[in-house]
Amino acid sequence: MSEETKNGLEAAEVASQEELEQIVSLKKGDTVKGTIVKIEDNQAYVSIGYKYDGVIPIRELSSVHLDNAADAVQVGQEVETKVVSIDDDKERLVLSKRAIDSENAWEELQKKFESQETFEVTVADVVKGGIVADVGVRGFIPASMVERHFVEDFSDYKGRTLRVKVKEIDQENNKVILSQKDVLDEEFEANKLKVMGGLKEGEVIEGTVQRLTQFGAFVDVGGVDGLVHVSEIAWSHVDKPADVLSEGDKVKVKVLKVDPEKGKISLSIKAATPGPWETAAENFKSGDIVSGEVKRLVAFGAFVEIAPGVEGLVHISQISHKHIGTPHEVLKEGQTVQVKILEVNPGEKRVSLSIKETEDAPEQAPKSEKPGKGSSVRKEDLGDNPNVSLSNQGLSITLGERFGDKLSKFK
């Protein structure tokens with residue numbers, strides 16, 4: 001036997017002895033590395049260089065519930081595991097990936113919590129009150145910490161990748177709370193400051209109606225919501241924003257005010273459109289007859305709206321051909337009337353109107369004629385007065401009888 005062969009055999013014996021010592025020393029609690037060689041019956045088989053392969057049951061693959069072992073590992077993947085049990089007689093070696101992941105996770109999660117680092121997780125399951133992710137240990141994301149908006153159903157979140165921060169950590173109670181909302185809020189605020197810095201008061205931009213409330217509409221202008229107060233929605237009166245707007249509507253808005261300190265943006269839809277008085281001169285001419293609604297009644301007349309935001313005055317003298325004491329005698333608020341435009345003055349926002357000029361004047365009653373000289377007097381006009389006679393003689397007699405000798409003084 002050559003010296004070279006002899007040395008080779010000795011080296012092989014040493015290697016075999018080392019392997020034997022390794023096999024003999026393998027015991028419960030040891031940490032071993034290996035490669036996934038097979039996934040079958042919802043468990044993973046791992047080659048760790050032992051005389052037979054180890055097995056990782058599905059419950060030992062992850063800290064969260066799994067439906068399939070293939071959701072946690074793939075064939076060829078290198079894994080670090082802990083020996084749970086070993087039975088050489090039955091050639092049964094049970095390993096746990098979850099135990100090692102958990103040991104390694106707490107220190108890493110503590111660092112992420114302290115630095116408020118953002119990292120990605122995959123949603124492993126949807127449970128009551130939120131969703132869970134495997135972060136070496138079971139990480140829970142409460143429903144209120146998933147999105148910036150309310151989410152009713154999380155069933156389609158399973159398998160999604162989320163960006164989260166560690167919100168709370170308690171190793172003693174095996175508790176890790178994660179939040180994606182914190183990440184989204186942080187990004188939103190950063191973007192909000194950027195957008196607000198680029199907005200200029202007085203400029204007109206396009207936005208999208210996001211939410212409607214009783215007091216106004218929130219409009220998205222580049223990822224940031226600004227408020228259009230109900231009084232700034234239209235030139236005409238609006239009771240409820242929902243009466244004229246819907247979520248998703250594209251609208252043009254004018255920037256009224258930007259307050260970065262308070263994070264508020266005031267917008268106006270009506271200011272971004274021509275005002276009613278700007279178009280009044282084009283739409284209305286003196287002499288036109290139009291329909292309008294009686295908006296207000298005052299002692300000196302009635303205000304009638306002839307277009308949204310355009311009210312004209314019908315002076316009391318222009319309400320009716322007949323004399324009236326107050327407008328309330330012939331008009332009521334909310335009534336629709338025909339009016340004639342007498343004068344339009346957009347500069348002073350004034351329109352003079354007339355109702356009576358849209359109606360025909362009533363016919364005048366004929367005047368009674370006075371009897372002329374020599375004209376006859378009808379008996380029926382005199383009635384049954386006993387002191388008046390139809391004859392000249394009778395007239396003088398009756399006068400004499402009535403006035404007596406007072407007449408003699410004038411003879």
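The residues of the chain are indexed from 1 along the displayed sequence. Computed over heavy atoms, backbone and side chain alike; hydrogens, waters and symmetry mates excluded. Here the structure is a predicted model, which means the values were calculated and not measured.
- Enclosure of atom CG in D170 by more than 12 non-hydrogen atoms of other residues, nucleotides or ligands within 6.0 angstrom is indicated.
- No donor-acceptor distance shorter than 3.5 angstrom exists from the side chain of W277 to the backbone of G347, with no hydrogens or angles considered.
- Screening E114, K112, E107 against Q110 for a side chain to side chain donor-acceptor pair (under 3.5 Å) leaves a single residue, E114.
- Taking the charged nitrogens against the carboxylate oxygens, D185 and R148 do have a contact shorter than 4.0 Å, which makes a salt bridge.
- The salt bridge (Lys or Arg N to Asp or Glu O under 4.0 Å) check on R92 picks up nothing, with sequence neighbours excluded.
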List the steps, then state whether salt bridge (charged side-chain N to carboxylate O under 4.0 Å, His left out) holds for D134 with R138.
-> CA-CA 5 Å; D134 184 0; R138 183 181 185 272; over 6 Å; no
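- Atoms CZ and OG1, on F300 and T326 in that order, are 13.5 Å from each other to the nearest 0.5 Å.
- A donor-acceptor pair under 3.5 Å links the side-chain atoms of S286 to the main chain of L342, judged by distance alone.
- Residue E201 holds its CD atom at 10.5 Å from CD1 of I265, rounded to the nearest 0.5 Å.
- Residues A217 and L245 share a closest heavy-atom pair of CB-CD1, 3.9 Å.
- Of the possible donor and acceptor atoms, one in the side chain of H321 sits under 3.5 Å from a partner among the backbone N and O of K356.
- The minimum heavy-atom distance between L297 and A302, with the atom names listed, is CD2-CB, 3.5 Å.
- Pairs of residues two or more places apart, or lying in two chains, that qualify as ring pair (Phe, Tyr, Trp, His ring centres under 6.0 Å) and include a residue from residues 136-188 are F154-Y157.
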Run the numbers on E60 and R98 for salt bridge (charged side-chain N to carboxylate O under 4.0 Å, His left out), then give the verdict.
-> CA-CA 5 Å; E60 296 295 337; R98 176 174 64 89; 3.3 Å; yes
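- No donor-acceptor pair under 3.5 Å is formed between the side chain of T358 and the backbone N or O of K340.
- Judged by distance alone, the side chain of D30 and the main-chain N or O of K27 form a donor-acceptor pair under 3.5 Å.
- With rounding to the nearest 0.5 angstrom, the OH atom of Y50 is 9.0 Å from the CD atom of E91.
- Nearest heavy atom pair, residue G54 against residue L95, reads CA-CD1, 3.9 Å.
- When atom types are taken as modelled, the side chain of D259 and the backbone of K262 share a donor-acceptor pair closer than 3.5 angstrom.
- Checking side-chain atoms of S246 against main-chain N and O of D249 turns up no donor-acceptor pair under 3.5 Å.
- Side-chain contact between K158 and D125 is present, with at least one heavy-atom pair separated by less than 4.5 Å.
- Listed for the N104 side chain is no donor-acceptor partner under 3.5 Å among the backbone atoms of D101.
- For the pair Q116 (side chain) and V166 (backbone), a donor-acceptor distance under 3.5 Å is present.
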Determine, step by step, whether I131 and V146 satisfy the side chain to side chain contact (heavy atoms under 4.5 Å, CB included) criterion, reporting the C-alpha distance in whole Å, the side-chain angles of both residues, the deciding distance to 0.1 Å, and the verdict.
-> CA-CA 8 Å; I131 55 183; V146 178; 4.0 Å; yes
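- Put simply, the side chain of Y45 does not reach to within 4.5 Å of the side chain of I56, judged on heavy atoms.
- One finds a salt bridge joining R350 and E343 here, because a Lys/Arg side-chain nitrogen approaches an Asp/Glu carboxylate oxygen to under 4.0 Å.
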Apply side chain to side chain contact (heavy atoms under 4.5 Å, CB included) to V251 and E206, showing your working.
-> CA-CA 6 Å; V251 292; E206 188 174 85; over 6 Å; no
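- The side-chain contact (heavy atoms from CB on, under 4.5 Å) search around N68 returns N42, A70, D71, not counting sequence neighbours.
- Separation of atoms NZ (K97) and OG1 (T81) is listed at 10.0 Å; rounding is to 0.5 Å.
- With respect to the salt-bridge test (charged N to carboxylate O, under 4.0 angstrom), the residues E186 and K165 qualify.
- A salt bridge is absent between K254 and E203: the closest approach of a Lys/Arg side-chain nitrogen to an acidic carboxylate oxygen does not fall below 4.0 angstrom.
- Here the options are V46, D53, V75, the test is side-chain contact (heavy atoms from CB on, under 4.5 Å), and the partner is V37; only D53 passes.
- Using a 4.5 Å cut-off on side-chain heavy atoms (C-beta onward), I100 and V79 make no contact.
- Looking only at side-chain heavy atoms (C-beta outward), V94 and P57 come within less than 4.5 Å of each other.
- For K192, the NZ atom counts as densely surrounded, since its 6.0 Å shell holds more than 12 non-hydrogen atoms of other residues, nucleotides or ligands.
- Under the 4.0 Å criterion applied to side-chain N and carboxylate O atoms, K349 and E311 are not assigned as salt-bridge partners.
- For E40, the CD atom is densely surrounded, since the number of other residues' heavy atoms within 6.0 Å is greater than 12.
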Stepwise salt bridge (charged side-chain N to carboxylate O under 4.0 Å, His left out) check, E168 with K175 | CA-CA 8 Å; E168 185 180 340; K175 180 181 179 182; 3.3 Å; yes
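- No side-chain heavy atom of V164 sits under 4.5 Å from any side-chain heavy atom of T118.
- By the 4.5 Å heavy-atom criterion applied to side chains, Q180 and E147 are counted as neighbours.
- Under 4.0 Å is where a charged nitrogen must lie from a carboxylate oxygen, and between D288 and K285 no such pair does.
- Residues meeting the side chain to side chain donor-acceptor pair (under 3.5 Å) test with K250, sequence neighbours left out: T208.
- In this view, F215 satisfies the ring pair (Phe, Tyr, Trp, His ring centres under 6.0 Å) rule with no residue, not counting sequence neighbours.
- A cation-pi contact, defined as under 6.0 Å to the ring centre and within 45° of the axis, is absent between K295 and F303.
- Among all heavy-atom pairs drawn from A44 and V73, the shortest one is CB-CG2, 4.0 Å.
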Evaluation steps, side chain to side chain contact (heavy atoms under 4.5 Å, CB included), between V351 and N345 = CA-CA 6 Å; V351 178; N345 191 331; over 6 Å; no
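- The shortest heavy-atom contact between T213 and P241 is O-CG, 3.1 Å.
- Closest of all the heavy-atom pairs between A124 and V64 is CB-CG2, 3.4 Å.
- Taking 4.5 Å as the limit, some side-chain heavy atom of L256 sits within range of a side-chain heavy atom of E232.
- When only modelled atom types and interatomic distance are considered, Q338 and S291 share a side-chain donor-acceptor pair under 3.5 Å.
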Step by step, would you call I205 with V255 a side chain to side chain contact (heavy atoms under 4.5 Å, CB included)?
-> CA-CA 8 Å; I205 55 179; V255 180; 4.1 Å; yes
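- Shown here is K167, whose NZ atom has no more than 12 heavy atoms of other residues, nucleotides or ligands within 6.0 Å.
- Using a 4.5 Å cut-off on side-chain heavy atoms (C-beta onward), I169 and W106 make contact.
- Residues satisfying the side-chain contact (heavy atoms from CB on, under 4.5 Å) test with D156, not counting sequence neighbours, are R160.
- Looking only at distances, no side-chain donor or acceptor of Q43 sits under 3.5 Å from a matching main-chain atom of I39.
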